[in-house]
2 protein chains.
Amino acid sequence: MHSYTEENYLKALFNLSADKGEVSANELSKQLGIKMPTVNSMMKKLSEKKLVHYESYKPLRLTEKGKREAGLIIRKHRLTEMFLVQKMGFGWEEVHEIAEQIEHLHSPNFFERMDALLGYPKIDPHGSPIPDKTGKMEWIKYEKLSSCKEGDTVRLAAVIHTTDDFLKFLNLRELSLGVKLKIKTVEKFDGSMTVSHNKKGSDTLSHIVCDRLLVEKL
Amino acid sequence: MHSYTEENYLKALFNLSADKGEVSANELSKQLGIKMPTVNSMMKKLSEKKLVHYESYKPLRLTEKGKREAGLIIRKHRLTEMFLVQKMGFGWEEVHEIAEQIEHLHSPNFFERMDALLGYPKIDPHGSPIPDKTGKMEWIKYEKLSSCKEGDTVRLAAVIHTTDDFLKFLNLRELSLGVKLKIKTVEKFDGSMTVSHNKKGSDTLSHIVCDRLLVEKL
DNA sequence: TAAATTTGTTAGATGACTCTAAGTTATTAC
DNA sequence: GTAATAACTTAGAGTCATCTAACAAATTTA
Ligand SMILES: [Mn+2]
Ligand SMILES: [Mn+2]
Ligand SMILES: [Mn+2]
Ligand SMILES: [Mn+2]
């Protein structure tokens, strides 16, 4: 088994290298709030454990084993978030901090039970895919709202870069997953959008907001 | 906040000193599976933090602050066990190990929510009292089944020294909390009892078993 | 009460994770 | 293409929780 600390490095590596497949020690250091020399020695350690490919002055890459282990931790994180929202009545803005702790519990039974009680969910409360029991994650390709055009009708499918503040902002506007949006206007000069949403009136969303909302075109 | 480790020392001190109000470093060492010198230095540390009264060669005593903090950890442990049984469908023999980990989570909201969903329970699945939000615990005085007499009718109220094995043993005999027992015979020479229980026939329970069952006389 | 045993303490070391300071290599800017 | 900057590595140290070995005090046994 890996330590709490090692698990956090693995998770950060997984999340940061999601697109390019590699990360710089620098990014990792910033993400974790841990100084470079510390990260450096942990990378050597994870390399010893065959979880990370480490070569001096080269970007970091998770091994297949590393990806699998990281996927399993993310699985626990996301199952937990789903459980907290669906079964314990928390808001989607409240669950991340709690899941950060619960993801490190060692109890296959506990997570099995959560999974079963939730009916084997495929996504978490923020629309992120839940890795399967082997640590594999199915990427669902959504579009950013910011890349949609006037007249498009879309369904809100996921949010990215979720912070409490951002999620509370969405709560206020009743923007939750599954909501249907019609794009009324797109401002040329700042990329802000006016969208109408269900029975409610219309809202104007800044480019920054639209960039963090993933949608499915209808 | 206290570390995971410190919390485990506090909890062990609380449980071991429940009756006499004090513990020897030796008992504590055995309970935790940690060698004496380690315990010794931790006691000095907890003494610095005003959680333990420490004097060389004297028994250890929790301070009022120490009792309160320990009570709060035990509260989290027992609320968790109750949640796992009542809301997640675990058996009473499965929950202790999981609760040992969850009791260390730092999230007032999480435990508040558990408490509310459970309807503010006063006892855990093994019949142990759940300390209140100030860490205070109401001791309920039950009798040991082993101290009851032929002809007594009692209700099973709690189990002590609960191990998985013992709880599974009780499961097989359908001995769960609340069950009504009538004491048919008590063997003089070994203290074993024959009890009849609800519709089911009667069971013979060894003295060791009877000594671990707490009952309420009816 | 003196000896033997148990319990508690001190000293010194280790591994895990973190840091700062000081170098080294790679990248970017001019 | 050199100089400046950024990224990375090495060296050395600190904290926390643990250990073993050796010694001291208290308790038990005879
Ligand atoms: Mn999260
Ligand atoms: Mn999430
Ligand atoms: Mn327990
Ligand atoms: Mn416990």
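Convention: sequence-line order gives letters A, B, ...; per-chain numbering from 1.
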Report the nucleotide, chosen from [options], that has the shortest atom-to-atom distance to any side-chain atom of [X].
X	options	result
A/I34	C/dG8, D/dC8, C/dT18	C/dT18
A/T38	D/dC8, C/dG8, C/dC19	C/dC19
A/P37	C/dT10, D/dC8, C/dA21	C/dA21

Flag side-chain contact, heavy atom, 4.5 Å: [X] against [Y]:
X	Y	result
A/E138	A/K122	no
A/R78	A/P129	yes
A/H2	A/K49	yes

Could you check how far [atom1] of [X] sits from [atom2] of [N], rounded to whole Å?
X	N	atom1	atom2	value
B/N26	C/dG8	CG	C1'	9 Å
A/M43	C/dT18	CE	P	10 Å
A/L32	C/dC19	CG	C1'	15 Å
A/L60	D/dC8	CG	P	8 Å
A/K58	C/dT24	NZ	P	20 Å
A/K30	D/dA7	NZ	P	5 Å
A/M36	D/dA11	CE	C1'	16 Å
A/E27	D/dA7	CD	C1'	12 Å

Problem - Within 6.0 angstrom of A/K58 NZ, more than 12 heavy atoms from elsewhere - result: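 Counting other residues, nucleotides and ligands, NZ of A/K58 stays at 12 neighbours or fewer.
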
Handout entry: First encountered from the 5' end of DNA chain C, between B/V23 and A/Y4
Key = B/V23

Practice task
State whether B/K35 places a side-chain N or O below 4.0 Å from either non-bridging phosphate oxygen (OP1 or OP2) of D/dA21.
Solution key: no

Exercise for the section: May I ask you to verify if any side-chain N or O of A/Y9 is less than 4.0 angstrom from the OP1 or OP2 atom of C/dA16? Expected result: no

Practice task
Indicate yes or no for a side-chain donor-acceptor contact from A/K87 to the backbone of A/L117 under 3.5 Å, with no hydrogens or angles considered.
Solution key: yes

N/O-N/O pairs, protein side and nucleotides 13-15 of chain C side, under 3.5 Å:
none

Let me check something: any side-chain donor-acceptor pairs from residues 79-86 of chain A under 3.5 Å, sequence neighbours excluded? List them with distances.
unit_1, atom_1, unit_2, atom_2, d
A/T80, OG1, A/K76, O, 2.6
A/E81, OE1, A/H126, ND1, 3.1
A/E81, OE2, A/H77, NE2, 2.8
A/E81, OE2, A/H96, ND1, 3.3

Problem - Smallest separation among heavy atoms of B/P125 and B/L177, with atom names - result: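 Heavy atoms only, the tightest pair is O-CD1, 3.4 Å.
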
Practice task
Could you tell me whether B/S41 contacts a base, only the sugar-phosphate backbone, or nothing, with contacts defined as non-hydrogen atoms closer than 4.0 Å?
Solution key: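 The answer is base, as B/S41 lies within the cut-off (heavy atoms under 4.0 Å) of a base atom.
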
